[in-house]
A.B. asks: 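First the structure, then my questions, so here it is.
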Amino acid sequence: MRDNLTKEIKTIAVFDDDQDLLDIFQILLEEVGYKVVLFNNCDDIVSKVRDIKPMLILMDNWIPLIGGERAIGQLRNEENIKHIPVILVSASNDITEVAKRAGADGVIAKPFDFEVILSMINKLIG
């Protein structure tokens, strides 16, 4: 029965410059059992992701300073972290095209339904 005690906690990194959204993501994701690490910018994103080793990343497209598209590109260029699934979250009209260019694994338009995000997360990391 010890296996249940040592169950791996799955970490999700959330990058968004809207503090209210960060708080909402943290509350909702922790409520369903994820560990959540929040960032309000994507400065030095490669180091941040290497340090926390998330199983998945939620990335706002309009995050300072370089934006989600370029931040995802930096992650995809790093051999040891490029496999981490990234969901691009944005209110942009062209979000689907941006996500494809960036190499995102999924896209969620703002405003969003949390059940849709949770379904996509579960599909990507179980």
Side-chain angles (χ1 to χ4, degrees):
M1 300 306 144
R2 183 155 172 82
D3 289 337
N4 290 338
L5 297 175
T6 59
K7 183 179 178 185
E8 178 183 8
I9 295 176
K10 296 177 180 177
T11 301
I12 295 178
V14 181
F15 291 83
D16 201 304
D17 61 332
D18 182 328
Q19 188 59 51
D20 290 336
L21 277 179
L22 288 174
D23 293 342
I24 290 168
F25 278 125
Q26 183 165 27
I27 291 166
L28 295 174
L29 291 170
E30 286 180 351
E31 188 173 282
V32 295
Y34 292 104
K35 176 183 176 188
V36 181
V37 181
L38 307 173
F39 298 97
N40 63 6
N41 65 65
C42 58
D43 300 351
D44 210 15
I45 189 167
V46 171
S47 295
K48 289 174 179 174
V49 170
R50 278 189 187 139
D51 288 347
I52 63 167
K53 301 173 184 71
M55 294 194 75
L56 183 129
I57 298 167
L58 292 174
M59 175 68 66
D60 176 34
N61 189 47
W62 296 108
I63 189 165
L65 289 170
I66 63 170
E69 182 176 0
R70 288 184 52 206
I72 294 169
Q74 288 181 7
L75 296 173
R76 295 300 186 231
N77 286 326
E78 295 294 322
E79 191 62 38
N80 59 343
I81 58 176
K82 69 181 183 180
H83 67 282
I84 299 171
V86 179
I87 299 173
L88 190 62
V89 183
S90 181
S92 299
N93 292 335
D94 63 343
I95 189 63
T96 302
E97 293 80 25
V98 173
K100 286 179 187 175
R101 280 195 313 263
D105 298 282
V107 59
I108 299 289
K110 292 179 185 176
F112 57 84
D113 178 336
F114 183 68
E115 292 301 320
V116 172
I117 290 180
L118 193 56
S119 175
M120 187 176 293
I121 289 170
N122 288 333
K123 188 171 108 175
L124 289 170
I125 65 174

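Side-chain atoms are counted along with the backbone in the values below, which use heavy atoms only and exclude waters and symmetry mates. We number each residue from 1, following the sequence as shown.
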A.B. asks: Got a sec: does the CG of N93 have more than 12 other heavy atoms crowding it under 6.0 Å?
C.D. replies: no
A.B. asks: Heavy atoms, side chains only, cut-off 4.5 Å: are V37 and P54 in contact?
C.D. replies: no
A.B. asks: With a 4.0 Å cut-off, would you call K100 and D94 a salt bridge?
C.D. replies: no
A.B. asks: Check whether any side-chain heavy atom of L75 lies under 4.5 Å from a side-chain heavy atom of V49, and answer yes or no.
C.D. replies: yes
A.B. asks: Testing the basics here: between G103 and I72, what is the closest heavy-atom pair and its distance to 0.1 Å?
C.D. replies: C-CG2, 4.2 Å
A.B. asks: Step by step, would you call K10 with I121 a side-chain contact (heavy atoms from CB on, under 4.5 Å)?
C.D. replies: CA-CA 11 Å; K10 296 177 180 177; I121 289 170; over 6 Å; no
A.B. asks: Treating Ile, Leu, Val, Met, Phe, Trp and Tyr as nodes and any side-chain heavy-atom pair under 4.5 angstrom as an edge, say whether F39 and L56 lie in one connected cluster.
C.D. replies: no
A.B. asks: Please test L88 against M59 for side-chain contact (heavy atoms from CB on, under 4.5 Å), starting from the C-alpha separation and ending with a verdict.
C.D. replies: CA-CA 5 Å; L88 190 62; M59 175 68 66; 4.0 Å; yes
A.B. asks: Cluster question for you: counting only ILVMFWY and a side-chain heavy-atom cut-off of under 4.5 Å, with indirect links fine, are L29 and L21 together?
C.D. replies: yes
A.B. asks: Give me the one residue out of V36, L58, L38 that meets side chain to side chain contact (heavy atoms under 4.5 Å, CB included) with L22.
C.D. replies: L38
A.B. asks: For I63 and G68, work out which heavy atoms get closest and say how close.
C.D. replies: CG2-N, 3.8 Å
A.B. asks: Assess whether a salt bridge exists between D18 and K110, defined as any Lys/Arg side-chain N lying under 4.0 Å from an Asp/Glu carboxylate O.
C.D. replies: no
A.B. asks: Same cluster or not: L124 versus M55, using hydrophobic residues (I, L, V, M, F, W, Y) connected whenever any side-chain heavy atoms lie under 4.5 Å apart?
C.D. replies: yes
A.B. asks: For N122, check side chain to side chain donor-acceptor pair (under 3.5 Å) against everything at least two apart and list the hits.
C.D. replies: Y34
A.B. asks: Does K82 have any side chain to side chain donor-acceptor pair (under 3.5 Å) partners at least two apart in sequence or in another chain, and if so, which?
C.D. replies: E79
A.B. asks: Scan V98, N61, V107 and name whichever one has a side chain to side chain contact (heavy atoms under 4.5 Å, CB included) with S92.
C.D. replies: N61
A.B. asks: Rounded to the nearest 0.5 Å, what's the gap from CG on D16 to CD1 on I24? Could you check?
C.D. replies: 10.0 Å
A.B. asks: Just how far is it from atom CD of E30 to atom CD1 of I9, taken to the nearest 0.5 Å?
C.D. replies: 10.0 Å
A.B. asks: To the nearest 0.5 Å, what is the distance between CD1 (I57) and OG1 (T11)?
C.D. replies: 11.5 Å
A.B. asks: Hey, could you give me each pair passing side chain to side chain donor-acceptor pair (under 3.5 Å) that has a residue in residues 35-45? Not counting sequence neighbours.
C.D. replies: N41-K48, D44-S47
A.B. asks: Among F15, F114, F112, find the residue that satisfies the ring-ring contact (aromatic ring centres under 6.0 Å, His included) test when tested with F25.
C.D. replies: F112
A.B. asks: Can you tell me how far CD1 of I52 sits from CD1 of I12, rounded to the nearest 0.5 angstrom?
C.D. replies: 10.5 Å
A.B. asks: Donor-acceptor pair, D105 side chain versus V86 backbone, under 3.5 Å?
C.D. replies: yes
A.B. asks: Between OG1 of T96 and CZ of R101, what distance do you get to the nearest 0.5 Å?
C.D. replies: 11.0 Å
A.B. asks: Check step by step if side-chain contact (heavy atoms from CB on, under 4.5 Å) holds for V89 and D60.
C.D. replies: CA-CA 5 Å; V89 183; D60 176 34; 5.5 Å; no
A.B. asks: Please answer: with hydrophobic residues joined when any side-chain heavy atoms are less than 4.5 Å apart, are I95 and V116 in the same cluster?
C.D. replies: no
A.B. asks: If you measure from CD1 on I87 to CD1 on I125, what distance do you get to the nearest 0.5 Å?
C.D. replies: 8.0 Å
A.B. asks: Measuring only between side-chain heavy atoms, which start at C-beta, is R50 closer than 4.5 Å to N80?
C.D. replies: yes
A.B. asks: So for atom CZ, which belongs to R70, do other residues, nucleotides or ligands contribute more than 12 heavy atoms lying within a distance under 6.0 Å?
C.D. replies: no
A.B. asks: Honestly curious: do I117 and I27 fall in one hydrophobic cluster under the side-chain, below-4.5 Å linking rule?
C.D. replies: no
